[in-house]
Amino acid sequence: MSHIAYVNGRYLPQKQAFVHIEDRGYQFADGVYEVICIWNGVPADYQGHLVRLNRSLSELKMRAPMSDGALTSVIQEVIRRNRIVKGTVYIQINRGVAPRLHNFPGASVKPSIVVTAKHGAGPPESVAEAGVKLITQPDQRWGRCDIKSVGLLPNVLAKQAAYEAKAFEALLHRPDGTVTEASASNAWLVTPDKVIVTHPLSNAILGGVTRATVIKIARAAGYKVQERAFTLDETKKAKEVFLTGTTTFVMPVVQIDERQVANGAPGTIALDLRQRYRAFLDDLTETAWDA
Ligand code: PLP
């Protein structure tokens, strides 16, 4: 079955779906995106993704190409046409097509939008059961990591370094040793006295939609959660380390560079949160679309 993409008002087989060579997303990475997990045909944290998408647009002074309601109809149609039951939806909105000049084009230039979908959600269960390895990399990104911009080159380079080291992800750190997040997921640790810690919301991290849900799930389960900065040193001495993200769910970390985390087995709290997150997904119903 060929994949169907939505491109600026049309549903097309992906092979026939193109964007203009003067699209500003292509020339300047002048665009934003979202990746949404579809579980049993319905979206996880849909409201959180819409809020973040609209925030990213507004921070970049970009207008939305359509209302939230119209976007929901497009996403539902892309899911239907691609027969997605468990998968991901990708939405990208660029500032539009205009002759190449750095400053914004005039108000008559319409933003461009692409929506695609893929089968398969979350990493295989066996990966989470074994736990994953991370490498550490300097965080070389810009000062607005809170915007989900398609300008992802530092993330790409960090992820490639992880791939070459046969690691799952790259843990990003600032020159002062602060861990911000990973290249495509949020980073967490559990202290020796069982407090769950993750970097506070700021311009230094992407406010993960999964991060917000896992904070809620953890607190509801009686865990103590702190949103505060932590260092690489603290991470290496942690009782547990884990990652969260739309395509990662909750992923236990068992090794960072050449050093194992605690006893080298996935942490019990991370596994518990992973199971609770899976239960949250399993409990989603059609009301998950309500924005
Ligand atoms: N941090 C970065 C840099 C990301 O790219 C992502 C997801 O792509 C995340 C965190 C996790 O965010 P979310 O849970 O919304 O997928």
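Just follow the structure's listing: the first ligand is 1, and inside any ligand the first atom is 1.
Distance alone, capped at 3.5 Å, is enough to place a donor-acceptor pair between the His119 side chain and the Asn82 backbone. Under a 3.5 Å cut-off, the side chain of Gln255 and the backbone N or O of Val261 do not form any donor-acceptor pair.
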Please tabulate, one line per pair, the protein nitrogen or oxygen atoms found under 3.5 angstrom from a nitrogen or oxygen of ligand 1, with distances to 0.1 Å, or say none if there are no such pairs.
unit_1	atom_1	unit_2	atom_2	d
ligand 1	1 (N)	Glu181	OE1	2.6
ligand 1	8 (O)	Lys148	NZ	3.0
ligand 1	14 (O)	Val209	N	3.4
ligand 1	14 (O)	Thr210	N	3.0
ligand 1	14 (O)	Thr210	OG1	2.6
ligand 1	15 (O)	Arg52	NH1	2.8
ligand 1	15 (O)	Arg52	NH2	3.0
ligand 1	15 (O)	Val209	N	2.8
ligand 1	16 (O)	Thr246	N	2.9
ligand 1	16 (O)	Thr246	OG1	2.6

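Arg228 CZ: more than 12 foreign heavy atoms inside a 6.0 Å radius.
Evaluation of the ring-ring contact (aromatic ring centres under 6.0 Å, His included) rule for Tyr223 yields no partner, not counting sequence neighbours. Applying the ring-ring contact (aromatic ring centres under 6.0 Å, His included) test to Phe249 and every residue at least two apart in sequence or in another chain returns Trp39, Tyr277.
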Table please: side-chain donor-acceptor pairs of residues 88-98 below 3.5 Å, with sequence neighbours left out.
unit_1	atom_1	unit_2	atom_2	d
Tyr90	OH	Gln92	OE1	2.6
Gln92	NE2	Asn94	OD1	2.9
Asn94	ND2	Asp23	OD1	2.9
Arg95	NE	Asp30	OD1	3.1
Arg95	NE	Asp30	OD2	2.7
Arg95	NH1	Leu60	O	3.1
Arg95	NH1	Lys61	O	3.2
Arg95	NH2	Asp30	OD1	3.0
Arg95	NH2	Leu60	O	2.9

